[in-house]
Amino acid sequence: CWARESGVESIAAMKIDVEGLELDVLRGAEHILASFRPAIVLEAEESLQQRGGANVKELQEMLNRFGYTTRSVDGCLTPTLLATPTAASK
């Protein structure tokens with residue numbers, strides 16, 4: 001993992017807004033999700049996810065597999081999810 005090899009000791013949070021490719025970013029960050037357990041804020045616009053070949057449910061399912069809970073964030077211009085690691089999975 002690049003983070004460990006570079007001497008990074010912790011990652012507290014990630015913001016992901018890549019116009020429908022959020023699932024690809026999460027797939028590439030699996031080691032970070034498992035090792036560092038950061039809170040994640042990500043764009044969850046269904047039409048953009050579909051354009052990228054995924055959907056919001058897939059985002060939530062992947063995060064759930066890594067021990068995260070997700071909830072919608074109100075007040076954002078686009079649909080947004082907040083994913084936090086569950087206490088039992090830290």
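Note that this is a predicted model, so its numbers are computed, not measured. We're numbering straight along the sequence, starting at 1.
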Output the rest of the hydrophobic cluster of V73: all Ile, Leu, Val, Met, Phe, Trp and Tyr residues reachable through side-chain heavy-atom contacts under 4.5 Å, sorted by chain and number. V41, L82
To check you understand the geometry: which heavy-atom pair defines the closest contact between M62 and L23, and what is its length? SD-CD1, 3.7 Å
If the condition is side-chain hydrogen bond (donor to acceptor under 3.5 Å, both in side chains), which residues does T84 pass it with, not counting sequence neighbours? T69
For F66, does the six-membered ring have the charged nitrogen or CZ of R37 within the cation-pi criterion, i.e. under 6.0 angstrom from the centroid and within 45° of the normal? no
Results of side-chain hydrogen bond (donor to acceptor under 3.5 Å, both in side chains) for T78 - residues two or more places apart only: E43
Side-chain heavy atoms of P85 within contact of F36, under 4.5 Å: no
How would you list all residue pairs meeting salt bridge (Lys or Arg N to Asp or Glu O under 4.0 Å) that involve residues 51-70, not counting sequence neighbours? K57-E61
Nearest 0.5 Å please: distance from the OG1 atom of T86 over to the CG atom of N64. 9.0 Å
Run the side-chain contact (heavy atoms from CB on, under 4.5 Å) test against L21 and tell me which residues pass, sequence neighbours left out. V18, D24
Contacts of A44 that satisfy side-chain contact (heavy atoms from CB on, under 4.5 Å) - sequence neighbours left out: V56, L81
The complete set of side-chain hydrogen bond (donor to acceptor under 3.5 Å, both in side chains) pairs with one or both residues in residues 9-21, sequence neighbours excluded, reads none
Is any side-chain heavy atom of L42 closer than 4.5 Å to one of L26? yes
